[in-house]
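The chains referred to below are lettered A, B, ... by the order of the sequence lines, with proteins before strands, and numbering in each begins at 1.
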Number of protein chains: 2
Amino acid sequence: MNVSFNKREPVYVQVVRHFKEQIATGNFEPGQEIPSRRELANQLKINPNTAQRAYKEMEVEGLIYTEGNNPSRITKDEKIIGTVREELIIQAVDSFIASIRPIDVPVEELVSLIKRKYTESGN
Amino acid sequence: MNVSFNKREPVYVQVVRHFKEQIATGNFEPGQEIPSRRELANQLKINPNTAQRAYKEMEVEGLIYTEGNNPSRITKDEKIIGTVREELIIQAVDSFIASIRPIDVPVEELVSLIKRKYTESGN
DNA sequence: ACCGGTGTATTAAACGTTTAATACGGTCTA
DNA sequence: TAGACCGTATTAAACGTTTAATACACCGGT
């Protein structure tokens, strides 16, 4: 569980995204138990309420579910799981396009840049 | 002068970026006069102090300069102007890479997506 | 000389969001 | 039945940004 926070974006949003990334890349199995609110808070050194808020949001979106007073679990709905990856990608791409379009960069220059930077070893 | 603000990012930051985009795309000539603080505030419906803060930042970065008590002007330093475009692009690309890398998307899928969306009429 | 426009500076208050503190009720188990 | 762990709820505090109110000095044209 490794999350580095930036301070401009709400922490709970970053936590949600982190979980989505895990789900999208298959690091979480459907139905898999996730850390309790309090345990997550401990691990990430955040307030339990912030963890709660993140989980609440994920629950509303159907990404996780809670039965009784047991730690929540990743949804078993494969359809939802499959959607997560696409949504993350689309959001990232759209946001990138929106930020780059005003600068009028030739698409080939862009592609070349991305290919090079994306392929570079893990930075 | 058309700027649409999102409310997550400080307004003055968005104003600065907007000006940088104008400079990067050549919409501003070197030495060209820009609106006074108070006029910009009127145009964008923001507080004069917010305009001042944006301009101050640009002045610190050498993008604009001020002589006497006249409205500020775009720098005549072509080197700085040339740099603006590169910086905007690098920043956008780096930020995109950072957000997309955790999802493990094949680079070709990415390139294909970007080409399609970027080429789509102005959305 | 005056008036209106510049840029600049300081200080305080308002505002919304995020985070924190705390408490409550449930369930399980030793 | 007591304790520990769950999720949940309510309220308060902290924080950063923005707004606001003023004030100052400067220059230019009337």
* Scan B/N70 against the nucleic acid and name what it touches under 4.0 Å (heavy atoms): base, sugar-phosphate only, or nothing. => sugar-phosphate
* Asked: Hey, mind stepping through A/V15 and A/L40 against side-chain contact (heavy atoms from CB on, under 4.5 Å) and telling me if it holds?
  -> CA-CA 10 Å; A/V15 172; A/L40 182 75; 4.1 Å; yes
* Asked: Testing A/K56, A/Q52, A/R53, A/M58 for side chain to side chain contact (heavy atoms under 4.5 Å, CB included) with A/Y12, which one passes?
  -> A/R53
* Give the intermediate values and the outcome of side-chain contact (heavy atoms from CB on, under 4.5 Å) for residues B/E21 and B/N27. => CA-CA 8 Å; B/E21 287 169 358; B/N27 283 12; over 6 Å; no
* The side chain of B/S36 lies closest to which of these nucleotides: D/dT10, C/dG7, D/dT18? -> C/dG7
* Between atom CD in A/E57 and atom C1' in C/dT17, what is the gap in whole Å? -> 14 Å
* Greater than 12 external heavy atoms within 6.0 Å of A/Q91's CD -> no
* Verify the contact: side-chain N or O of A/T50 to OP1 or OP2 of C/dT18, cut-off strictly under 4.0 Å; return yes or no. => no
* Structure fact -> From the candidates D/dC6, D/dT8, C/dT8, the one with an atom nearest any side-chain atom of A/E59 is D/dT8
* Rounded to the Å, how far apart are B/L40 CG and D/dT19 P? -> 12 Å
* Asked: Can you find an N or O donor on one side and an acceptor on the other, under 3.5 Å apart, linking the side chain of A/N69 with the base of D/dG7?
  -> no
* How many Å lie between NZ on B/K56 and C1' on C/dA9, as a whole number? -> 10 Å
* Kindly point out which of C/dT8, D/dT19, D/dT8 is positioned nearest to the side chain of B/N47? => D/dT19
* What integer distance in Å separates A/R37:CZ from C/dT22:C1'? -> 18 Å
* Asked: How many Å lie between CD on A/Q52 and P on C/dT22, as a whole number?
  -> 18 Å
* To do: Please tell me which of the listed nucleotides, C/dT22, D/dG7, D/dT19, lies nearest to the side chain of A/N49?
  => C/dT22
* Touch check for B/Y12, heavy atoms < 4.0 angstrom, all strands: base, sugar-phosphate only, or nothing? -> sugar-phosphate
* Are A/R38 and D/dC5 close enough that a side-chain N or O sits under 4.0 Å from OP1 or OP2? -> no
* Structure fact -> Whole-Å distance, A/R53 CZ to C/dA20 C1', equals 13 Å
